[in-house]
Amino acid sequence: MSFTKRFIPVVLLVLLVTACSSSSAPASTQLAVTGDQPEKSFTVEQLQAMPVATASYNGVDYTGVALQVLLEQAGYDPAAVDAVQAIASDGYSVKYDRDLVMLDNTIVAYGQGDTPLSSDDGTFRMVLPDQEGKMNVRMLSELHVNP
């Protein structure tokens, strides 16, 4: 068998595997806060400069910033917010009502203890300790504020 006849199937296989493995959305390196105020984006470093908040979910300790604090930094009055929709990079989203937004232990996590989040969590993750799993959005890329 000639080199070309052996090489083409290998190239096709590599292309097929690459296309299949890229089906999950990449983690966002910035978190956008959108709504009726001008859009504001935050990096991990900017969140780390805010007051640190911690919360535990399923036995894992997360480090981040309280959602209320992040909303204030984005120009919103948390007490005037009706709801916040957390949107993941893969399109999954959850809407939090005012009661969940106002909890001190509702955080936007950027780390597990002193280390970054796992690759499964992405760069940012919502952590709501007393809520079921689907409320703890992984791969968080946007918070849409409904005043």
Worksheet item: Which pair of heavy atoms, one from Ser56 and one from Pro129, lies closest together, and at what distance?
Response: O-CB, 3.2 Å
Worksheet item: Does some side-chain heavy atom of Val94 sit less than 4.5 Å from a side-chain heavy atom of Gln85?
Response: no
Practice prompt. Identify the heavy atoms of Ala83 and Lys95 that sit nearest to each other, and give their distance.
Written response: CB-CE, 3.8 Å
Fill in: Spacing of Ser89 atom OG and Arg138 atom CZ [to the nearest 0.5 Å]
9.0 Å
Worksheet item: Within a radius of less than 6.0 Å around CG of Asp114, do more than 12 heavy atoms belonging to other residues, nucleotides or ligands occur?
Response: no
Worksheet item: With the 4.5 Å side-chain cut-off for hydrophobic clustering, are Met135 and Met102 part of the same group?
Response: no
Discussion item. Side chains of Glu39 and Thr34: any donor to acceptor distance under 3.5 Å?
Written reply: no
Worksheet entry | Within-4.5 Å side-chain heavy-atom neighbours: Tyr96 and Val137 | yes
Discussion item. Set out, in order, the CA-CA distance, both residues' side-chain angles and the distance that settles side chain to side chain contact (heavy atoms under 4.5 Å, CB included) for Asp130 and Asn105, then state yes or no.
Written reply: CA-CA 9 Å; Asp130 300 322; Asn105 64 355; 4.0 Å; yes
Worksheet item: Are any non-hydrogen side-chain atoms of Thr54 and Val127 less than 4.5 angstrom apart?
Response: no
Practice prompt. Determine, step by step, whether Val81 and Asn146 satisfy the side chain to side chain contact (heavy atoms under 4.5 Å, CB included) criterion, reporting the C-alpha distance in whole Å, the side-chain angles of both residues, the deciding distance to 0.1 Å, and the verdict.
Written response: CA-CA 6 Å; Val81 169; Asn146 297 319; 5.9 Å; no
Worksheet item: Shortest non-hydrogen contact from Gln48 to Tyr110?
Response: CG-CE1, 3.5 Å
Worksheet item: Is Ile87 close to Leu140 at the side-chain level, that is, under 4.5 Å between some pair of heavy atoms?
Response: no
Worksheet entry | Spacing of CG belonging to Asp120 relative to CZ belonging to Arg125, to within rounding of 0.5 Å | 9.5 Å
Discussion item. Measuring from atom CG of Leu100 to atom CD of Gln131, what distance do you get when rounded to the nearest 0.5 angstrom?
Written reply: 5.0 Å
Discussion item. What's the separation between atom CG in Asn136 and atom CG in Leu128, rounded to the nearest 0.5 Å?
Written reply: 5.5 Å
Worksheet item: Mind checking what makes side-chain contact (heavy atoms from CB on, under 4.5 Å) contact with Asp104, not counting sequence neighbours?
Response: Gln68
Worksheet item: If every non-hydrogen atom of Ala88 is compared with every non-hydrogen atom of Ser141, which pair is closest and at what distance?
Response: C-OG, 3.6 Å
Worksheet, complete the sentence: All heavy atoms of Ala109 vs all of Leu117, minimum pair found to be O-CD1, 3.5 Å
Practice prompt. Report yes if some heavy atom in the side chain of Val84 is under 4.5 Å from a heavy atom in the side chain of Leu71; otherwise report no.
Written response: yes
Worksheet item: With side chains defined as the heavy atoms from C-beta onward, is the minimum distance between Phe42 and Met50 less than 4.5 Å?
Response: yes
Practice prompt. For the residue pair Ile107 and Val65, establish whether any side-chain heavy-atom pair is separated by less than 4.5 Å.
Written response: no
Worksheet item: Is any side-chain heavy atom of Thr43 closer than 4.5 Å to a side-chain heavy atom of Thr29?
Response: no
Discussion item. Grouping I, L, V, M, F, W and Y whenever their side-chain heavy atoms are under 4.5 Å apart, do Leu47 and Val101 come out in a common cluster?
Written reply: yes
Worksheet entry | Leu67 with Tyr57, same ILVMFWY side-chain cluster at under 4.5 Å | no
Discussion item. Check for me, please, whether Tyr92 and Val108 land in the same ILVMFWY cluster - side-chain distances under 4.5 Å, paths through other members count.
Written reply: yes
Worksheet item: From Asp82 CG over to Asp97 CG, what is the distance, rounded to the nearest 0.5 angstrom?
Response: 8.5 Å
Practice prompt. Considering non-hydrogen atoms only, spot the tightest contact between Ala53 and Ala66 and give its length.
Written response: CB-N, 3.7 Å
Worksheet entry | Gln112/Asp61 under side chain to side chain contact (heavy atoms under 4.5 Å, CB included): CA gap, chis, key distance, verdict | CA-CA 6 Å; Gln112 290 180 1; Asp61 295 327; over 6 Å; no
Item to complete: Taking Lys40 for its side chain and Gln73 for its backbone only, find out whether a donor-acceptor pair lies under 3.5 Å.
Response: yes
Worksheet item: Taking atom CD of Glu45 and atom CD of Gln30, what is their separation to the nearest 0.5 Å?
Response: 9.5 Å
Worksheet item: Are Val69 and Met126 linked, directly or through other ILVMFWY residues, by side chains that come within less than 4.5 angstrom of each other?
Response: yes
